[in-house]
Structures are given as C-alpha cells and as structure tokens.
Protein chains: 4
Amino acid sequence: MARRVTGDRANGERPANGSLEEPVRQRLLAEATRLFAGRGFESTSVQEIVAAAGVTKGAMYHYFDSKDDLLHEIYARVLRLQMERLNRFADAEGPVADRLHAAATDVVVTTVDNLDDSKIFFRSMHQLAPETYKSVRAERRRYHERFRDLVVEGQRAGVFRDDIPAEMVVDFFFGSVHHLGTWYHPDGPLTGQEVGRHFADLLLNSLRP
Amino acid sequence: MARRVTGDRANGERPANGSLEEPVRQRLLAEATRLFAGRGFESTSVQEIVAAAGVTKGAMYHYFDSKDDLLHEIYARVLRLQMERLNRFADAEGPVADRLHAAATDVVVTTVDNLDDSKIFFRSMHQLAPETYKSVRAERRRYHERFRDLVVEGQRAGVFRDDIPAEMVVDFFFGSVHHLGTWYHPDGPLTGQEVGRHFADLLLNSLRP
Amino acid sequence: MARRVTGDRANGERPANGSLEEPVRQRLLAEATRLFAGRGFESTSVQEIVAAAGVTKGAMYHYFDSKDDLLHEIYARVLRLQMERLNRFADAEGPVADRLHAAATDVVVTTVDNLDDSKIFFRSMHQLAPETYKSVRAERRRYHERFRDLVVEGQRAGVFRDDIPAEMVVDFFFGSVHHLGTWYHPDGPLTGQEVGRHFADLLLNSLRP
Amino acid sequence: MARRVTGDRANGERPANGSLEEPVRQRLLAEATRLFAGRGFESTSVQEIVAAAGVTKGAMYHYFDSKDDLLHEIYARVLRLQMERLNRFADAEGPVADRLHAAATDVVVTTVDNLDDSKIFFRSMHQLAPETYKSVRAERRRYHERFRDLVVEGQRAGVFRDDIPAEMVVDFFFGSVHHLGTWYHPDGPLTGQEVGRHFADLLLNSLRP
DNA sequence: GATGAATGAGCATTCATTCAT
DNA sequence: AATGAATGAATGCTCATTCAT
C-alpha cells in the first residue's frame with residue numbers, strides 16, 4: 001500500500017491550500033482524469049499520465065499503488081462528493097417533491113461540472129480489481145438508495161404514482177444522468193442548470209399520479 | 001476491407017447447428033460480443049476471441065481487417081436491427097402516443113434481449129478508429145432523429161408538452177435505455193416486457209402536458 | 001517445382017507475341033520487379049505482388065515455387081541478358097581498347113534501361129536461398145571474368161597499365177555501374193548513352209599506362 | 001526520442017571492457033551492426049539483436065525508439081566518422097592531387113576497416129522511415145559535395161580533365177568504394193591500404209587531362 | 001521523495017505457404 | 001489453371017511494474 005501524504009493528518013485537519021500542499025498527487029489525479037475521460041482507462045498508459053503531470057513513473061508509484069489505484073481514487077472522490085450533496089438536498093426542509101426536484105437538478109449540474117469524472121465512471125468501472133469494483137458498486141448502491149428513499153417517501157405521501165417500482169424510477173433517471181457525458185457539451189446552447197431543470201421536470205412529471 | 005463469406009449453401013440446407021458447424025465468421029462475432037461485453041474491448045485479446053471461437057488468428061484476419069473491424073461489425077448489426085424495428089413501429093397506424101409507447105417498449109425489450117451488445121456499445125464505442133467512430137455516431141444520430149420526430153409529432157399535435165426540447169427528451173430516454181446493461185439481469189424479477197412497459201409509461205407520463 | 005508454361009516448348013520455338021502468350025507469368029515478374037526495386041524484397045509481400053498483377057495467390061504459386069523463386073527468375077533474366085550482350089561486344093572485331101570501351105558503354109546503357117533490375121540485384125541478393133545464391137554468384141563471376149579477360153588482353157598488348165590487378169579494375173568499374181541505381185534518374189539531365197560514354201572514358205583513361 | 005546514456009563516469013575511469021561491462025547501448029549497436037550486415041535489416045529480428053547483446057527487448061526499447069532508430073544511429077555514427085576524416089584530408093596542405101589521393105585512399109581504408117557498416121549502408125538504407133531516410137541522404141550528399149569540391153578545385157587548376165562532370169566522377173568513384181563490401185575480404189591477399197592505393201591511383205589516373 | 005534502467009509477459013498484426021476444390 | 005479459406009509461426013512493439021540508488 002502506498003503511503004498517503006494525508007496519512008499523518010488522521011485528525012481530519014485540512015491543509016490550508018489543498019492544491020499546493022500535495023501538488024504532485026493532485027496533478028496526477030487531474031491528468032489521469034482528463035486522459036481516462038478522453039481515451040479510456042485501458043488506452044491510457046502510465047507513461048502518458050506521468051508525462052502530462054510532469055513527473056516520473058517512480059513518483060506516481062510513490063503516491064499510488066497501481067494504475068488501478070489511481071482510478072479507484074478518482075472514483076472515491078466522485079462518490080464522496082455526490083453523496084455529500086445528495087444528503088444536503090434530501091435532508092433539507094420542505095415538500096418531498098421540491099426536495100427531489102432540487103436533488104435531481106443538482107446531480108445534473110454536478111455531473112455536468114465534472115463531466116470527465118462521469119465519462120470515466122461507466123466506461124471504466126469494470127476495469128477495477130474485483131474487490132475495488134465491489135466496494136465502488138456498494139457505495140454507488142447506497143447513493144441510489146438514498147435517492148430512492150425520496151421517491152418512496154413521495155409515493156407514500158401520495159404525491160407520486162406508485163405503480164412503478166421506486167427502484168426502477170431511480171435507474172431510469174440515473175441512466176439519463178450518466179449519459180450526459182455522451183452528448184452534453186459545455187459550450188453547447190444549454191447550461192448545466194437548464195439541463196438540470198428540464199431533467200428534474202421530466203422526472204417529476206413522470207411521477208405524477 | 002475483409003472479404004465476406006458468400007454462403008455457398010444456395011440450396012438452402014442448414015448446418016446441423018452444433019456450434020462447430022456454424023460458419024467461422026458468425027462464431028467469431030458471437031464470441032467477440034460475449035467477451036467484449038464481459039471484459040471490455042481493450043481487455044479482450046484477439047487470442048482470447050479466436051480461442052473461444054475455436055479458430056486461429058489467421059482465420060480471424062481472413063474475415064476481419066482488425067480487432068477494430070470486429071467491433072465495428074457488431075455495432076453495424078445492432079444499428080441495423082434497431083433502425084429496422086423503430087421504423088416498423090413509427091410507421092404503423094394509430095395515434096402518435098400509442099406509436100411512441102410501442103416503440104419505446106420495443107427498444108427496451110430488444111435491448112434486454114441483446115444485453116451484451118448494449119453493454120459493448122457505450123463502454124467501447126470510443127475505442128473505434130476515428131473514422132469508424134464517426135460513422136457509428138452518424139448512424140446512431142439518425143436513429144435518435146427518427147425517434148425525436150415522433151416526439152415532435154406529438155408536441156405539434158398538442159398531446160405532449162412542448163416546453164422541453166424534443167432532442168433532450170430523446171437523450172433523456174435513451175440514457176435510461178442504454179444503462180439497462182448496468183443493472184438489468186435476465187434472471188431478475190422483471191421480464192424485458194415489464195421493464196419496457198414501465199419505461200414507456202414513464203416516458204409518456206413525463207410528456208403529459 | 002512449379003510447372004513452367006514454356007515447359008512444353010522445349011524445341012525452342014517462341015510464341016508469336018511473348019507478352020500475350022504468358023500474360024500472367026510475365027505480369028507477375030514485371031510487378032515483382034517494380035515492387036522489389038521500390039520497397040526491397042523483404043518489405044514486399046506476396047499479397048502486394050499478386051494484387052498489382054491482378055491475380056490471386058494461387059496463380060502465383062502455380063507459376064513460381066516461392067517468393068524466392070520469383071526473385072531468382074528476375075536474376076536469371078538479368079544475368080542472361082547481360083552475358084549475351086557482353087559476349088557480343090567482347091567477341092567483335094577491332095582493337096581491345098575499342099571493344100572494352102564499347103562493352104563498358106553498353107553495360108551502363110543496359111543497366112540504366114533496366115534500373116529496377118539493377119536496384120534489386122545488390123540489395124536483395126543475400127535474401128536468396130543459399131543454393132540459389134551460390135548459382136547467381138557463380139554466374140556473376142563468369143560475367144566478371146569475361147570482362148576481366150578484356151582488361152588482361154589489353155595489359156598483355158601493352159595498351160593498358162598493368163600495375164593494378166585486372167580483377168580489381170573490374171571490381172572498381174562494376175562498383176560504379178551497380179551504383180547507378182542510387183543516383184541515376186531517367187528524367188535527369190543525362191541520357192544513359194552519355195553516362196555510358198563518360199564511364200567508359202573514365203575507365204579507359206584510368207587504364208592508360 | 002529515446003534517452004541517451006549520460007555516462008555517469010565523469011571521473012574518467014573506464015570499465016574493464018570485458019564485453020559484459022560494455023554499456024548496454026554500445027553492445028546493442030555493435031550486435032545490430034554485425035547482424036544487419038550479415039542478414040540484412042529486414043531479415044534480422046529485434047529478438048535476434050537483443051539475444052546477441054544479452055539484454056531484453058525492453059532494454060532495447062529503453063535506449064532506442066524502434067528498430068529503425070537503431071539503424072539510424074548506426075548510420076549517424078558512420079556519417080560522422082567519414083565526414084571528420086574527409087575534412088581532415090581535404091583541408092590539409094599540399095597540391096590538390098595529393099590531397100585527393102590521400103582522401104581517396106583513406107575512405108577506402110576506413111570503409112574496409114568498417115566493412116559491416118558499409119554493407120548495411122546500401123543494402124538497408126531504403127528501409128528507413130521516409131523522414132530519416134531523407135536526413136541520411138542529405139548528410140551523405142554533403143559528404144559527396146565536399147569530395148566533389150576537391151575534384152572541381154583540380155579541374156580549375158588544370159591538373160584534372162574537365163570534360164567529365166565532377167559530380168559524375170564522384171558518383172563513379174564512390175560506387176566503387178561502396179561496393180567493396182561485396183567482394184573485399186579482410187583475410188584476402190590485399191590489405192585495405194593496398195586496395196586504397198590502387199583505387200586512388202585509378203581515380204587520379206582517370207582524371208589525367 | 002524520487003529516479004530511470006530494466007523486466008518479461010503480452011499485444012495486434014503480417015506473412016509465406018498449403019490444400020481441398 | 002486457379003481459387004480462397006486457413007494455418008501457425010514470427011514480428012515489432014507496449015506496458016505496468018520493480019528496484020537499486
């Protein structure tokens with residue numbers, strides 16, 4: 001297991017300036033994200049990553065156990081971020097329809113803001129080592145479940161139709177979200193907000209009893 | 001361009017259809033589909049494919065120009081099938097809502113019936129050579145346009161809401177369809193028909209004015 | 001051993017129109033010569049040759065035993081032609097200096113007229129099977145000896161300097177001839193005749209006592 | 001571009017120079033030269049080279065970009081050496097005939113001393129990548145031009161005949177030199193010096209007005 | 001922390017040749 | 001006389017990873 005630079009900050013305090021504190025590690029993650037999104041995980045060589053980050057292979061293997069580990073770290077970052085945001089919206093005050101609408105809009109906006117992460121996620125997930133793969137799937141499932149709970153809440157409250165399993169509604173909606181990477185372009189006619197609102201409208205409309 | 005087998009079985013008799021009688025080309029396509037769906041395009045070696053098909057590498061390169069060409073042929077087959085079916089449903093008689101519902105149900109059923117093809121499509125498409133990639137995207141776009149025309153037709157007829165661009169509705173729906181490969185299991189609780197109906201219901205409901 | 005189409009014309013009679021009688025074999029030799037000269041023997045595939053000649057591989061292996069055999073036939077043709085011409089000039093009437101000058105001029109002209117053959121000769125000779133290689137070398141040696149005899153004849157007659165071994169003079173001169181392929185261009189400023197005369201002048205001058 | 005070994009032996013001490021102490025890069029160049037001369041570039045596999053040098057393929061690709069690059073390095077070494085020597089002789093004191101004679105003798109001696117390099121040069125040059133090929137040809141042309149200047153100098157001084165283009169005299173002479181590899185054997189009756197003197201005599205004699 | 005030489009297994013692809021038809 | 005499917009061995013090259021320094 002490669003030593004983490006954060007390893008000795010287990011008390012949770014954060015460096016004052018994240019991007020300057022661990023520049024090599026951050027740069028490696030950033031370049032790997034960009035390259036994996038562009039060419040795919042398998043088609044990106046460690047050599048390309050380290051060259052893009054301006055470091056040597058030795059440096060990369062100092063911070064990460066393997067190329068696979070690099071991918072895993074990218075996933076961990078995405079998962080952490082999405083879960084945090086979902087919790088914030090789901091736990092807010094107000095009618096469940098409003099909270100679901102807000103959460104749905106936000107996940108679109110966040111996805112669009114981190115489109116590279118999104119592209120990588122579904123294209124390269126199956127390249128993870130089995131153990132890692134399982135843990136990522138599990139984390140992902142927890143995220144879906146949190147979202148599904150909102151749907152169930154609405155169904156129980158009678159504001160959403162309940163003849164379609166909530167589970168499937170979630171898969172239906174996230175399929176749409178995950179495919180943003182295949183068609184959305186930041187310099188296209190629509191902002192992330194606009195797409196987010198439309199998607200949320202479609203979701204809420206589809207749930208009307 | 002690799003030569004195509006020109007079935008010299010013009011009399012119509014068919015092989016007993018033990019897998020060993022199957023023409024080499026078909027066997028290669030079938031095994032490649034299975035393996036690409038399982039491990040991804042990049043992680044599947046030509047050696048694995050030919051071993052699975054019980055032929056030699058030379059035979060594969062007799063029928064296909066490259067590993068890339070093999071992937072392209074798989075795509076071409078899928079695209080052809082889907083376009084045919086969509087046309088059949090779109091050109092049928094009846095109200096546009098019914099036709100859209102039928103087409104939406106059918107694309108889900110077909111996807112579920114060829115789940116390997118679906119898995120390959122979005123995971124490996126970007127590994128195609130640029131030229132091939134473009135032609136596949138173009139074909140895909142034509143398919144989406146045909147589907148979008150149905151939505152537009154309904155919007156003009158006033159039976160669908162028109163405050164969301166038809167284009168986006170299509171991307172929204174097909175995102176869901178294309179992600180079936182990540183969660184649907186043939187031996188799960190739901191048949192393809194059931195999922196298809198639910199998906200079509202959600203689509204139609206989301207379009208209610 | 002591949003059958004030769006000429007095999008059943010052992011009596012020596014020739015077809016009225018050589019190029020139409022054995023079109024396939026001639027076309028194969030012609031295209032092979034062109035391609036070997038351009039890319040080298042090893043870098044030219046049998047596939048390229050048969051494609052250029054507009055026939056199939058099977059046809060090529062009907063007329064020639066192997067790719068090596070094809071090269072050998074090219075050599076045999078060149079060697080035959082050159083030996084015939086040298087004999088004609090060497091056996092003519094007149095002073096030895098004139099005969100050597102004429103022979104030297106002619107070999108340059110012939111080389112320039114068949115530049116592809118010349119390019120192939122020294123680039124690809126060592127790719128021949130050992131046995132074939134030996135027989136080509138032997139034939140080549142006979143050619144050199146016939147040429148050397150002219151030099152010796154002149155040295156004995158006292159018209160050529162004899163302090164340099166005749167053998168070496170021949171190697172000296174043919175080195176120059178064989179390298180024509182690396183610099184001479186048919187559409188350059190000089191005709192083959194002009195180069196031939198200059199080369200012969202240089203040779204004769206260098207032999208002045 | 002493959003990285004070059006940056007001899008960290010700045011103190012000047014040398015390895016015992018048993019062939020195992022020799023740097024990997026040098027050993028690869030030496031063995032490649034030997035094998036290319038023997039079998040030709042195309043017929044020599046990278047596997048054969050690395051086996052002969054006692055290293056792995058990976059090591060070779062660490063020092064050289066490709067098999068092509070290996071050939072290019074051999075060429076660069078030869079070209080550098082020959083240009084240096086020619087300059088030394090051409091820029092010396094004395095009559096132009098003496099300087100040309102000395103330079104001509106030297107190029108023969110050097111060629112004979114590095115006969116493998118010479119064999120490779122004309123047999124395999126056309127296998128280089130187009131760009132590399134051009135640069136080698138250009139360097140070669142500069143060498144020829146330097147030599148030609150000596151001939152022109154003699155023609156202007158009236159000590160050489162000027163009815164034959166100097167350019168052609170150079171091609172004539174270097175053809176002879178480059179073909180040494182096809183007939184000269186170190187263990188034959190003549191030393192390189194002897195051949196060099198004879199060749200230079202023939203050249204100078206051929207230039208007598 | 002970081003280097004860079006070296007590994008060794010694996011990759012897609014090419015190719016001359018064969019052979020049943 | 002000619003086809004074209006199939007072979008199987010070889011080829012140049014890439015790559016994630018290791019390790020002495």
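Letters go in sequence order (proteins before strands), and every chain restarts at 1. None of these values were measured; they are calculated from a predicted model. Atom set for the values below is all heavy atoms of this structure, side chains included, hydrogens, waters and symmetry mates excluded.
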For [X] and [N], give me the distance from atom [atom1] to atom [atom2], rounded to whole Å.
X	N	atom1	atom2	value
D:Arg25	E:dA5	CZ	P	11 Å
C:Leu28	F:dA2	CG	C1'	12 Å
C:Phe64	E:dA16	CZ	P	15 Å
D:Phe41	F:dG12	CZ	P	8 Å
C:Ile49	E:dT14	CD1	P	17 Å
B:Leu70	E:dT13	CG	C1'	14 Å
A:Asp69	F:dA16	CG	P	14 Å
C:Glu42	F:dT11	CD	P	11 Å

Residue whose nearest DNA chain E nucleotide is more 5′ - D:Lys57 or C:Thr44: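 Its nucleotide being nearer the 5' end, the pick is D:Lys57.
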Assign each of C:Gly58 and B:Asp68 to its nearest nucleotide of DNA chain E by heavy atoms, then name whichever residue's nucleotide is nearer the 5' end.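 The residue closer to the strand's 5' end, by nearest nucleotide, is B:Asp68.
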In whole Å, what separates the C1' atom of F:dT21 from that of E:dG1?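 It works out to 13 Å between them.
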Between [X] and [N], is there a contact of a side-chain N or O with OP1 or OP2 at under 4.0 Å?
X	N	result
B:Ser45	E:dC11	yes
C:Tyr63	F:dA2	yes
C:His62	F:dA1	yes

C:Ser66 side-chain proximity, nearest of E:dT17, E:dT13, F:dA6: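 Closest nucleotide among those given: E:dT17.
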Counting side-chain heavy atoms from CB outward, which of E:dT13, F:dT17, E:dT17 is closest to C:Val46?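 That would be E:dT17.
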Side chain proximity check, D:Lys119 to D:Asp116, heavy atoms < 4.5 angstrom: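 They are in contact (side-chain heavy atoms under 4.5 Å apart), so the answer is yes.
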Look through every strand shown and name the nucleotide pairing with F:dA20 as Watson-Crick or G-U wobble, where both distances are under 3.5 Å.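 WC or wobble partner is E:dT3.
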Opposite nucleotide pairing with F:dC13, Watson-Crick or G-U, both atom distances under 3.5 Å: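 Pairing partner: E:dG10.
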With nearest nucleotides of DNA chain F determined for B:Thr56 and D:Glu48 from heavy-atom distances, which residue corresponds to the more 5′ nucleotide?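 Nearest nucleotide further toward 5': that of B:Thr56.
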Which residue, B:Val55 or D:Gln47, contacts DNA chain F at a nucleotide closer to its 5' end, judged by nearest heavy atom?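 Final value for this comparison: B:Val55.
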Would a line drawn from the ring center of D:Tyr75 to the ring center of D:Phe121 be shorter than 6.0 Å?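 That pair passes the under 6.0 Å test.
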Is the closest basic N to carboxylate O distance between B:Lys134 and B:Glu131 below 4.0 Å?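 Salt bridge: no.
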A:Glu48 and salt bridge (Lys or Arg N to Asp or Glu O under 4.0 Å): which single residue from A:Arg39, A:Lys67, A:Lys57 fits?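 Exactly one candidate clears the test, A:Arg39.
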Under a 3.5 Å threshold, yes or no: a donor from one side chain and an acceptor from the other, between A:Arg77 and A:Thr33?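 The answer is yes; a qualifying pair exists.
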